[in-house]
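Each residue takes its place number in the sequence, starting with 1.
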Amino acid sequence: MTAATISDPAIIDPRRYHEAAESTRQRSAKRLPVCLYLETTNRCNLLCTTCPRTYEELEPPADMPWSLFTKIVDQIPDLGRAVLHGVGEPMLVRNLPRMVRYLKDRGVYVLFNTNGTVLNDRNGRALIDAGLDELRVSLDASNRRSYIAVRGKDYFDKILKNVRRFREMQEREGHELPRVSAWLTGLRETLPELPEFVRVAHDIGVREVYLQRVVFFEKDAIGLARPDQALFDRMEAEDAHYLRDAEQLAQNFGMTFSASGAASEPGTSLERKADSNPWSLCRRPWTVMYITANGRALPCCIAPFSQRGYENYTLGDATQDTLRDIWNGESYQNFREALLSDKPPDACASCGLRWSL
């Protein structure tokens with residue numbers, strides 16, 4: 001996963017889960033999570049300037065063992081959605097297609113983000129055969145120079161070639177799945193490239209483009225994941241034309257375009273008021289569980305970006321305990337209770353302003 005590649009356009013209707021969570025948001029969760037983030041690996045071949053793993057090793061390098069993967073999945077028979085990424089590149093994992101197939105055989109909607117560097121013909125066909133529903137390519141730039149600045153290495157041309165070949169194979173053989181989309185992290189540095197990003201996506205055969213919010217925190221800002229780079233706190237009116245131009249271009253190409261990365265009203269400040277509590281809208285601790293490659297249970301996909309180190313956000317160990325025991329264990333219950341109070345966990349205090357809920 002790349003740092004800010006976490007935003008999810010709804011595939012499974014979120015209202016079903018949000019309404020259920022809204023009516024039962026207490027210390028204990030009445031049902032097991034409906035969505036799992038399974039960090040299939042924390043290894044990566046890039047050095048993204050918006051990702052915490054570039055700056056510090058949060059856990060020992062690991063791929064999630066097959067035995068742990070199946071142990072986790074088998075504990076939630078009615079799982080609706082599985083996201084197979086975390087702070088690493090999933091396609092480095094040898095067992096990834098096997099993991100996808102294991103989930104699909106259980107009726108789960110499966111997706112993951114990839115940087116596209118190892119999306120060759122063999123790997124691509126394996127994912128198609130496994131039944132992957134959605135493949136999100138985190139490209140983050142419309143040209144080689146910007147790509148190197150944001151992603152840390154010179155793979156831009158290779159990724160375009162890989163994705164183009166994959167899409168050509170899909171079109172040639174009539175494969176509708178996986179849905180392929182291109183993602184751009186919303187940075188002031190790259191916002192002017194948004195219309196050209198849409199054009200690049202179109203040129204390589206991708207039909208969906210998403211602008212997403214950068215995950216950042218003032219206290220432990222890293223690289224380009226800084227408050228001054230974020231569009232969400234404030235999007236200047238003079239910058240709004242980049243979104244309009246991108247939307248119009250996508251419409252002309254017959255593409256899907258969604259901009260969750262911008263302020264709702266250009267020129268309007270979204271700074272938190274003293275009496276507001278944006279964290280109170282979050283439903284993730286009642287619907288979603290994140291498991292790292294080493295089996296650590298975290299409250300959500302934002303936690304890896306909140307502080308350097310997971311100690312304050314570890315809610316259980318899936319290698320030792322059952323998901324049911326973790327899900328309604330003391331640590332999870334205390335976390336939920338704090339989220340419902342006026343003194344939330346540090347990572348949650350401004351999350352509702354920093355990223356879409």
Side-chain angles (χ1 to χ4, degrees), residues 1-7 37 39-64 83-94 96 112-120 123 135-163 182-191 193 197 200 210-231 261 290 292-294 296 298 301-310 354-355:
M1 164 186 175
T2 55
T5 52
I6 311 170
S7 177
Y37 276 73
E39 187 181 76
T40 50
T41 185
N42 58 24
R43 298 182 298 120
C44 192
N45 55 355
L46 293 183
L47 296 170
C48 299
T49 56
T50 52
C51 181
R53 72 166 306 284
T54 298
Y55 302 91
E56 187 162 346
E57 185 177 278
L58 301 177
E59 282 194 317
D63 294 350
M64 181 174 284
V83 183
L84 302 183
H85 62 240
V87 294
E89 169 49 48
M91 293 196 70
L92 296 177
V93 179
R94 184 184 64 179
L96 186 65
F112 64 83
N113 295 347
T114 178
N115 60 36
T117 57
V118 294
L119 180 62
N120 55 35
N123 292 337
L135 182 69
R136 300 176 178 181
V137 182
S138 299
L139 192 54
D140 279 350
S142 67
N143 59 74
R144 178 173 172 266
R145 178 188 59 81
S146 294
Y147 183 88
I148 295 172
V150 176
R151 310 286 282 180
K153 292 189 179 181
D154 186 5
Y155 281 116
F156 184 74
D157 293 336
K158 179 178 182 180
I159 295 166
L160 296 189
K161 179 181 177 181
N162 289 349
V163 176
W183 292 70
L184 177 76
T185 301
L187 302 173
R188 294 193 184 282
E189 188 106 349
T190 54
L191 180 64
E193 299 179 19
F197 186 79
V200 168
Y210 296 94
L211 172 70
Q212 64 182 50
R213 295 169 181 167
V214 63
V215 176
F216 73 92
F217 292 86
E218 289 93 342
K219 182 178 178 182
D220 289 302
I222 55 172
L224 290 177
R226 307 187 308 261
D228 64 298
Q229 280 289 343
L231 305 181
Y290 183 114
T292 71
N294 289 284
R296 188 188 300 263
L298 301 177
C301 51
I302 302 298
F305 301 89
S306 60
Q307 288 186 347
R308 294 188 174 126
Y310 294 159
R354 306 305 177 203
W355 189 68

inquiry  = I want to check something: taking the side chain as every heavy atom from C-beta on, are Val137 and Ile159 in contact at a cut-off of under 4.5 Å?
reply    = yes

request  = Drop me the distance from Arg144's CZ to Asp157's CG, to the nearest 0.5 angstrom.
outcome  = 7.0 Å

query = Taking the inter-plane angle between the rings of Tyr147 and Phe156 on a 0 to 90° scale, is it parallel (under 30°), tilted (30 to 60°) or perpendicular (over 60°)?
reply = tilted

query = For Glu89 and Asn45, does a side-chain donor sit closer than 3.5 Å to a side-chain acceptor?
reply = no

task = Taking all heavy atoms of Pro90 and all of His85, pick out the closest pair and write down the distance.
result = CG-CB, 3.7 Å

query = What distance separates Leu92 CG from Asp63 CG, expressed to the nearest 0.5 Å?
reply = 7.5 Å

remark   = Distance col, row Met91:CE vs Thr40:OG1, nearest 0.5 angstrom, shows 10.5 Å

query = Taking atom CG of Leu139 and atom CG of Leu160, what is their separation to the nearest 0.5 Å?
reply = 6.0 Å

task = Let me see the working for Leu135 and Leu119 under side-chain contact (heavy atoms from CB on, under 4.5 Å), right down to the final yes or no.
result = CA-CA 11 Å; Leu135 182 69; Leu119 180 62; 4.1 Å; yes

ask   = What is the distance from atom CG of Leu46 to atom CG of Asp140, rounded to the nearest 0.5 Å?
value = 10.0 Å

ask   = Is there side-chain contact between Ser138 and Arg151, with at least one heavy-atom pair below 4.5 Å?
value = yes

query = Distance-only, no hydrogens or angles: does the Asn42 side chain make a donor-acceptor pair with backbone N or O of Pro60 under 3.5 Å?
reply = yes

query = Would you call Phe197 and Thr190 a side-chain contact if the rule is heavy atoms closer than 4.5 Å?
reply = no

ask   = Do Val83 and Phe112 have side chains that get closer than 4.5 Å, going by heavy atoms?
value = no

Distance, nearest 0.5 Å, that separates CG of Leu191 from CG of Leu211 = 7.0 Å

request  = Please step through side-chain contact (heavy atoms from CB on, under 4.5 Å) for the pair Val200 and Asn143, ending with a clear verdict.
outcome  = CA-CA 9 Å; Val200 168; Asn143 59 74; over 6 Å; no

message = Please give me the minimum heavy-atom distance between Arg43 and Pro61, naming the atom from each residue.
response = CG-CB, 4.4 Å

ask   = Would you say the side chains of Thr117 and Asn115 form a donor-acceptor pair under 3.5 Å?
value = yes

task = Measure from the side-chain N and O atoms of Glu39 to the backbone N and O of Val87, and report whether any donor-acceptor pair falls under 3.5 Å.
result = yes

key: Exceeds 12 heavy-atom contacts within 6.0 angstrom, atom NZ of Lys161   = no

message = Counting C-beta onward and ignoring hydrogens, is there a side-chain heavy-atom pair between Val93 and Leu84 closer than 4.5 Å?
response = no

